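Before any comments, here is the structure.
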Amino acid sequence: MGRRGRRVEGAARALPEAIAALSRSLPAGPSPEIFRRAKFDRPEAAPALWQLLFRVLSPLAANNASTDLAPEAQARVVKSALVSQGYPRSALLQSPEGGSQGSRELLLALSWLLARGPWLEQLLAQTRVQLGDELPQCECDILASREIPAPHVQTERPVDLRLVEWLMGKLRFRWRCLMSSQQEQCTLLSKIHLYTSGCHSQQRLGHLSVAETEMLRDPENGQQLLQALESENIRLEAALEWRRCELVFWQWMDTVLDACSLESPAVTSQPTVLPMISEHGLRELALVKQELQALQEELQEVAEPRRAAWEAQVGGIGQRPEWSTIRKTLQEAVERELVALQGSWEPSSNPAPPQRPHRLVRSKDKSPGPQGLQAAKVIRTLSAQEASLKSVLHQLQSQCQRELARLAGALPGLIWIMAPGH
Amino acid sequence: MTQSVVVQVGQCGNQIGCCFWDLALREHAAVNQKGIYDDAISNFFRNVDTRVVSDGDSISKGRISSLKARAVLIDMEEGVVNEILQGPLRDVFDSKQLITDISGSGNNWAVGHKVFGSLYQEQILEKLRKSAEHCDCLQCFFIIHSMGGGTGSGLGTFLLKVLEDEFPEVYRFVTAVYPSNEDDVITSPYNSMLAMKELNEHADCVLPIDNQSLFDIISKIDLVVNSGKLGTTVKPKSLVTSNVGTVTKRHKKPFDAMNNIVANLLLSLTSSARFEGSLNMDLNEISMNLVPFPQLHYLVSSLTPLYTLADVNIPPRRLDQMFSDAFSKDHQLIQADPRHSLYLACALIVRGNVQISDLRRNIERLKPALQFVSWNQEGWKTSLCSVPPVGHSHSLLALANNTCVKPTFMELRERFMRLYKKKAHLHHYLQVDGMEESAFAEAVSSLSALIQEYNELDATKSMPVPDVPRLSVAM
Amino acid sequence: MSIVTVQLGQCGNQIGFEVFDALFRDTQCSPGLCSKRENEAYQASCKERFFREEENGVPVARAVLVDMEPKVINQTLSKAGQSGRWKYGQHACFCQRQGSGNNWAYGYSVHGPKHEESIMNLIQKEVEKCDSLSGFFIIMSMAGGTGSGLGAFVTQKLQDQYSSSLKMNQIIWPYRTGEVIVQNYNSILTLSHLYRSSDALLIHENDAVHKICAKQMNIKQISFRDLNQVLAHQLGNVFQPTYSEDGSSHYRRDPLGDLMEHLVPHPEFKMLGVRNIPQMSENFLAYSTFTWPGLLKHLRQMLISGAKMEEGIDWQVRPPFSGLPPLGKMSVHKDLHFNTSIANLVILRGKDVQSADVEGFKDPALYTSWLEPVHAFSMWKTPRAFDKYEKSAALVSNSQLLVKPLDMLVGKAWNMFASKAYIHQYTRFGMEEEDFLDSFTLLEQVVASYGSLGP
Amino acid sequence: MLGAKVDCLLPTDCARRLVAEMQGALDACAHRQRQLERSLRVSRRLLQVWEPARTPAPEPETKEEAATPACTPNAQDLKELELLTQALEKAVRVRKVVSKARQRDRTPSLASASNAATSGATAPAHSQAPSQASSLASGARSTKGVQRATVPSRSADPECRRRSRGDRTQERTEAQVTGSGPGLRGQQMAPGAVPPSTELFTLKEKGTLLQLPVAFRKAASQNSRLWAQLSSIQASDSTDVTRAAKTEFLHKLQMASGSSSHRPSAAEVEAHVQSLRKARTLLRLHMQKELSTAPTDWMQEYRGLLILEGLQTIVGQCLHRVQVLQAAVTEQLPGLHLVEKPTQASSLGGGEMDTSWSPELLLYSSTEELQTLATLKLRVAMLDQQIHLEKVLMAELFPLINTQEAGGSPQLALCRAAYSLLCEGGEQFLTVLRDDPTD
């Protein structure tokens, strides 16, 4: 205690400031006093923390769609979100829903989130005021929601495969509709950029964005935009401050953890908790496994005879003096190639699509414009991506075709006539 | 806009052609009041500035300066062509469009086809090319000739082959006048038979015309006119027999009237291609719709109402009568009865103030009485041209691909065989260089094959034809 | 969003003119009882879709005119010019001197490739004038050569070049008793090709429209112009602005896309028929009053009995198992005439449209077993009256309505094909018998698929 | 009638999954579409004639709209004139109210004050105005402008006339000049830089004259500075001490929760699955590339062999990873550590590498380029979605087809639909003909 004692002493003033900074940087963050009370697991601190966690963890809350959810429901959302992110402590998960208990556990959960990475920054980024024009960050995320949504209409009637065809057709039309809307949006954006060129105070931007132009056209909205921007600035300042002095908070959290680790020692099983992994995830996993196994078999089929042929042939080559060096270089080259290949599916080594927020800027061709990502470069990356996805799709389709053709061959007395072009 | 070139061969061809140009000029004069050279006129005429010596230049737009017929006149005698050149139509032709000889073909197909054919091939080709050069888009050659004589049938059919080789894309419509039974040319069965083979092989469409039928029609018109019934009066501005432009001015000459009918047929046939209408019919549509098999390209035509062919002012009868008449025996331009034979296809080319509903109504009305081949139960091709013949409110030209042409061909074969069995006059033909006897046999078998095709179709007439089993979809 | 119309051949150009004229006339009509602002929004929406502005203020149709011979195009241009209200673009026409001669193969294999570049350039120029392109409306007949053959070719090229834009073909089905003798060949070739390259085939039968002219419009001597005007009226009723579903104050941005998404997502079912009510001569209109329940009742019966117009509806036809008491012994047989739908779109325009009740169209018995009304039925509306009618309703239906005509058409063409008649006319231009067989196969499938919808 | 009716019904589970997947995809598209529509509406409005979104005078039409639809078109002109006069009078009143309100309250936000006052006067029509305005074409707009400019010449008040053109901008500028409240942020907002013209204009005509207000400029530059600071501070991540403290905290928390091992979370599994999926795709592509090139000499032959064998090894590793994951997920082997370090791909809680938070510029040079870019993005997303659906369909349909009675109608129906969905992306269809037409 002695060694730590001095530190805590020194941090006596710093701690409230750090917590205050954290609070300010969070959306509707609670007062430092709440944090203090939570350390002592005081019930009055719980509701505020539930609220906070709900706000930062629920995607619904981000849309302001269901902030008026019942406390129990909010708690459920918080718990399942924490579980899905792998929060290890079961004490919180077992706590009664939305009650006033467990404010310390809530504090721990919040800290856990903070400790794991730039969570605060991500929160800020999620709600950032958009001034510039952007293309959607990654359309994939928007379109391909991997979660299975609950069907709108729980159909009582049996489903005919033709309904699936119908829905697929609808989807194709929606895609095309998106395409043309997207085209229009580009046309309009580009016009606005062109018409306002030279207006922006920041030289490197040159022209106004839609938000900025809209602000000029409709001052009332502009007022709101300005306010939003200013409050974001306040939160950003707070976040910076928090970053500067968070150490003291973690030291303090240590003491919090010490306080509670005695209370909830060994909860071995997690009976009440929601399933850790969705059925969907498991099925996906099984699917990938199947495909990998198929690939494995195919590789075996081609590799083994080649190896045998090679062994037969190698007798002659193996005698040559230069062979061993050549073999070594080849092996190294292949290894490099494969390592690079392996690396290409690790997300960290995949900077291709710009993950950073970006702002669309129209720049004149060939003029030495501002620094930034060139659209042409992104287009190249995307084209490559598109081509590879296309080939994947075609490959799947021809796999299906082979499979169905096999079936067709087995049926006598019928002629299958495919669409022309096959 | 497309253009057509008329090639008139022999005495008969040139006489009909002459009528045609006269009527065509008058029709366009009536429609085109402003004297502007337009697309419709350009179909048959080119506009030439006579002040410019160079002949090649045609004027494509603007006022009509001097119209020249898109025609090539061919005869191996000089008489008819000279008459034309001295007559009122002399301005629409010039010497560069003519090919004449003085010797004549002597009613011998072989002389026309083989002798004059090889003699004049280059010259003919040159004139044809020249006429084609004057066109923006040459679509059709109308070849007019008789079957019985020597020049028309011989050189006329020789020409077909030349056209086919030189202008494969351009349609060849032949108006062929068949000799009547009382034909005074003894060798006419030979000539016709030999010509038939050429028509079978090298024409896209043949409109057979029978002199006898034309004569009957004229008689009927005369009867109406002379009977004094119906308060008929001679129309001052009518198109037909008061043809000042033709060779002779004698009204009573039946050939003039008969030629006029044929000229009218050509005008009606091309009306929809020349003038506006709510349902156009281009010339290339005719063979497309009416020729189901390459050989069966003989189209029986009928023109109604007949008074459009006469100088008389008969009060218009019901419109529907016009449609009924077109299918009656008396109105056909060959001796045939389409109503009692089998239709392969039928076209109705309507001019004047007639609407689609009139057309539909009449087709529905007439259909039950007509027999169509099983696979073409609704084989109607229709067109509506808004410009009627001069002086009339409407008219109808019916073209039928009908097995009723068969008797004409059979009779022709019979008459031929009667001579051929005796080898009568055969030597006149065999003397001619390049003419061999096998040509006769080949001509007969060609015609017989054609007759056989009609026979086979006729055989399907009485028996019910079951529908061919369709492709059967499993699911 | 804008729609670029491509008018092909005599029929396509004549109809195209009437369609634009009808659309424009309607925007100039007295708006009935809707507010001025409302009316302005309606006009603006229509204009954005079908017209563009030019400097001198005369609206220009977003259209490309294509024909292989000049007569009809010249006529069409001058008619539009004379109207003084709107006009066609100065360089929006393409014509040649010589038509396709009723020969599909000539249009598709000769004219098509020969003039592809010029035609596609014209279309592209028109497309570039749209801020936002929804798709193409291609008007053509299927009997002739230019409309059908070149139309199929151009549609194919549009599919290649503008794959994400929508393509709707307005097809004129020829008189059953023949306009063109080879119409059945041309038709099966057209339909089968469009089934591959187009998104929706909106079909008008000349016979049906003719009957409407005779029976409903009381026209004695019916001209093509009369037919085309009825048709244009029906199309206007479908494509003039209606409110979008979510908010009631916005006009639908992309009617073509919405319509297709509702009606033709399935690749085997692309044929659409249009019915509208009321349709009558102006003389009678003044003496007539309509109620929504009355109109909708008639429209529904037209749908289920497969009637093409209001007059002569067979009231005996009942949906199967609809819970209504059967009408004696008759009803058993009448079921056979019941027209099963895949999907329907009802469009209502005019006074009190909010009060109109379309429940009758949501009966599951109307639809094929595998599609529920929630997927199969949709409704558009606007209080703005359409073209002199205080109230009017249109129905765009993907149903068995056209399967019988199609079956007959295929049968006739097959008979002709079996005798090999006219085949030489097509093989001259590079087609093969195999091509015919492909077309027959596809259409037999379409017939079978539509046929198997029924109860 | 014409065809036999054959259903191809799906088993419940399969049906539920397929419909849910399709519906999900449809909803995702619809969602994106709505987003786009919203931003399109804003952009479109910007390109139309500029005038204030809300005119001080209530438009006569709105009044008419509210009125019963009994007014006949004949009397319309008269009525319009009358309404217009009324509206003008009201405008004067409103203006008075506004200025009074400003003097009385000295509200910090001018906008809200005038807004409240105006909306008080014009009641419900307001909320609709902007959206309706957006759907008006420029043509219709300008005529209206002209109309309004000419008709009220009856009104004696010249200010009224100018006002009736509805140039809110002008009003605002003027208000700012007269009001000039000290240190009010809201007032600095006023776009004094908008060309001081009373004329309506479009962005195309006068867009280059626009200028951003000072207050906004300040806030914006501060904003970007702060983001940059945040990025840089995070890149250095304060001190190692802090990082160590955090790590220790996490460790202790883990220990304190009773389970020392790391159990994968849903997000992690998802990340793994995603990377495995990508791995599988790339591996297959690589294999095909290798197989499609014929070796020209023995060196290449050897190289190809090595690659194929190497790929085999990698696939084996991946399979192992799958097994470990499966095991960990189903908890059959508690406490087993994953062989590879879990990738940090989950949307929250990872990505220490990517630390820049300030926006990067994405430079484009032409509309076409922008369109290409956007289209490609969308197309990639769509392909992704399509591939996903394809796999789901494959997984669900093939077992089904194989269990059906061979050659039976249900199987045929199933095959046809499956062909269309699986091989043609639902665009084309297959015809099955009977070989024997007599049947």
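Below, chain A is the first sequence line, B the second, and so on; all start at residue 1. This one's a predicted model, so the numbers in the text were calculated from it and none came from an experiment.
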Study note, to complete from the structure: The interface call for D:L47 against chain A, heavy-atom contacts under 4.5 Å, is side chain
**Study point:** Given D:R284, D:R277, D:R280, the one that forms salt bridge (charged side-chain N to carboxylate O under 4.0 Å, His left out) with A:E291
**Key:** D:R280
Practice item. Name the region of A:L287, side chain, backbone, both or neither, that has any atom closer than 4.5 Å to a heavy atom of chain D. Key: side chain
**Study point:** A:W250: ring-ring contact (aromatic ring centres under 6.0 Å, His included) partners, not counting sequence neighbours
**Key:** D:F249
Check your understanding: Does a donor on one side chain and an acceptor on the other come within less than 3.5 Å for A:S181 and D:Q33?
Key -> yes
Practice item. Give, as side chain, backbone, both or neither, the part of A:E337 having an atom under 4.5 angstrom from any heavy atom of chain D. Key: side chain
Check your understanding: Which atoms of D:E390 come close to chain A, meaning under 4.5 Å heavy atom to heavy atom: side chain ones, backbone ones, both, or neither?
Key -> side chain
Revision key, fill the gap. Per-residue tally against chain D (heavy atom, under 4.5 Å) across A:T196, A:V392, A:L131, A:L330 peaks at A:L330
Exercise for review: Using a 4.5 Å cut-off on heavy atoms from C-beta on, say whether the side chain of D:L362 contacts that of A:R359.
Suggested key: no
Review point. Does a side-chain heavy-atom distance below 4.5 Å link D:R379 with A:W175?
Key: no
Check your understanding: Without hydrogens or angle criteria, can the side chains of D:Q222 and A:E237 be said to hold a donor-acceptor pair below 3.5 Å?
Key -> yes
Exercise for review: Between chain A and each of D:L308, D:T367, D:T375, count heavy-atom pairs under 4.5 Å; write down the option with the most.
Suggested key: D:T367
Check your understanding: Among A:L292, A:V334, A:N233, which residue forms the greatest number of heavy-atom pairs with chain D at distances under 4.5 Å?
Key -> A:N233
Revision key, fill the gap. When the 4.5 angstrom heavy-atom criterion is applied to A:L240 and chain D, the contacting part is both
Practice item. Among D:Q386, D:R303, D:M394, single out the residue with the greatest number of heavy-atom pairs under 4.5 Å to chain A. Key: D:Q386
Exercise for review: Name the region of D:L9, side chain, backbone, both or neither, that has any atom closer than 4.5 Å to a heavy atom of chain A.
Suggested key: both
Practice item. Report yes if the side chains of A:W416 and D:L430 come closer than 4.5 Å at any heavy-atom pair, otherwise no. Key: yes
Point to revise | Heavy-atom pairs under 4.5 Å with chain D, option from A:L208, A:L189, A:I326, A:T213 with the top count | key: A:T213
Exercise for review: In sequence, state the C-alpha distance, the side-chain angles, and the governing distance for D:R217 and A:E212, and then conclude on salt bridge (Lys or Arg N to Asp or Glu O under 4.0 Å).
Suggested key: CA-CA 10 Å; D:R217 273 190 265 170; A:E212 288 158 350; over 6 Å; no
Practice item. Considering only heavy atoms and a distance below 4.5 Å, find which of D:L319, D:L276, D:L311 pairs most often with chain A. Key: D:L319
Check your understanding: What option among A:Q185, A:R306, A:K170 has the most heavy-atom pairs under 4.5 Å with chain D?
Key -> A:Q185
Exercise for review: Could you check which of D:L306, D:L383, D:L46 has the highest count of heavy-atom pairs closer than 4.5 Å to chain A?
Suggested key: D:L46
Exercise for review: Against chain D, work out which of A:C177, A:S388, A:A333 has the most heavy-atom pairs shorter than 4.5 Å and name it.
Suggested key: A:C177
**Study point:** Trace of the side chain to side chain contact (heavy atoms under 4.5 Å, CB included) decision for D:V273 with A:V288
**Key:** CA-CA 8 Å; D:V273 170; A:V288 172; 4.2 Å; yes
Point to revise | Under 4.5 Å from a heavy atom of chain A, the part of D:F398 involved | key: side chain
Practice item. State which residues pass ring-ring contact (aromatic ring centres under 6.0 Å, His included) with A:Y195; sequence neighbours excluded, sorted by chain then number. Key: none
Practice item. Could you tell me which portion of D:L18 (side chain, backbone, both or neither) has an atom closer than 4.5 angstrom to a non-hydrogen atom of chain A? Key: side chain
Review point. Could you go step by step and tell me if D:L433 and A:L414 meet the side chain to side chain contact (heavy atoms under 4.5 Å, CB included) rule?
Key: CA-CA 6 Å; D:L433 288 181; A:L414 295 175; over 6 Å; no
Review point. Does a side-chain N-to-carboxylate-O contact under 4.0 Å join A:R362 and D:E369?
Key: no
Exercise for review: Would you check, one step at a time, whether the test side chain to side chain contact (heavy atoms under 4.5 Å, CB included) holds for D:R32 with A:R174?
Suggested key: CA-CA 10 Å; D:R32 179 79 188 101; A:R174 289 212 178 153; over 6 Å; no
Review point. With a 4.5 Å limit on heavy-atom distance, are the side chains of A:L295 and D:M287 in contact?
Key: yes
Point to revise | D:I387/A:L396 under side chain to side chain contact (heavy atoms under 4.5 Å, CB included): CA gap, chis, key distance, verdict | key: CA-CA 8 Å; D:I387 289 170; A:L396 286 173; 3.9 Å; yes
Review point. With a 4.5 angstrom heavy-atom cut-off, which part of D:I401 approaches chain A: side chain, backbone, both or neither?
Key: side chain
Check your understanding: Between D:V322, D:L40, D:L36, which residue shows the highest count of heavy-atom pairs closer than 4.5 Å to chain A?
Key -> D:L40
Study note, to complete from the structure: Honestly, the part of A:Q395 sitting under 4.5 Å from a heavy atom of chain D is side chain
Practice item. Side chain from CB out, backbone as N, CA, C, O: work out which of these in A:T187 comes under 4.5 Å of a heavy atom of chain D, or both, or neither. Key: both
Check your understanding: Is there a side-chain contact between D:L10 and A:L163, using heavy atoms and a 4.5 Å cut-off?
Key -> no
Review point. Quick one: are D:Y302 and A:Q331 in side-chain contact, heavy atoms under 4.5 Å?
Key: yes
Exercise for review: Evaluate the side-chain proximity of A:V210 to D:S39: yes if any heavy-atom separation is below 4.5 Å, no if none is.
Suggested key: no
Practice item. Name the option with the most non-hydrogen atom pairs under 4.5 Å to chain D; the candidates are A:R327, A:E403, A:R172, A:M168. Key: A:R172
Practice item. Could you check which of D:N223, D:V315, D:I314 has the highest count of heavy-atom pairs closer than 4.5 Å to chain A? Key: D:N223
Exercise for review: Please tell me if the side chains of A:I415 and D:V432 come closer than 4.5 Å, counting only heavy atoms from C-beta onward.
Suggested key: no
Check your understanding: Could you walk me through whether D:Q371 and A:Q182 pass the side-chain hydrogen bond (donor to acceptor under 3.5 Å, both in side chains) check?
Key -> CA-CA 8 Å; D:Q371 281 179 337; A:Q182 179 88 279; over 6 Å; no
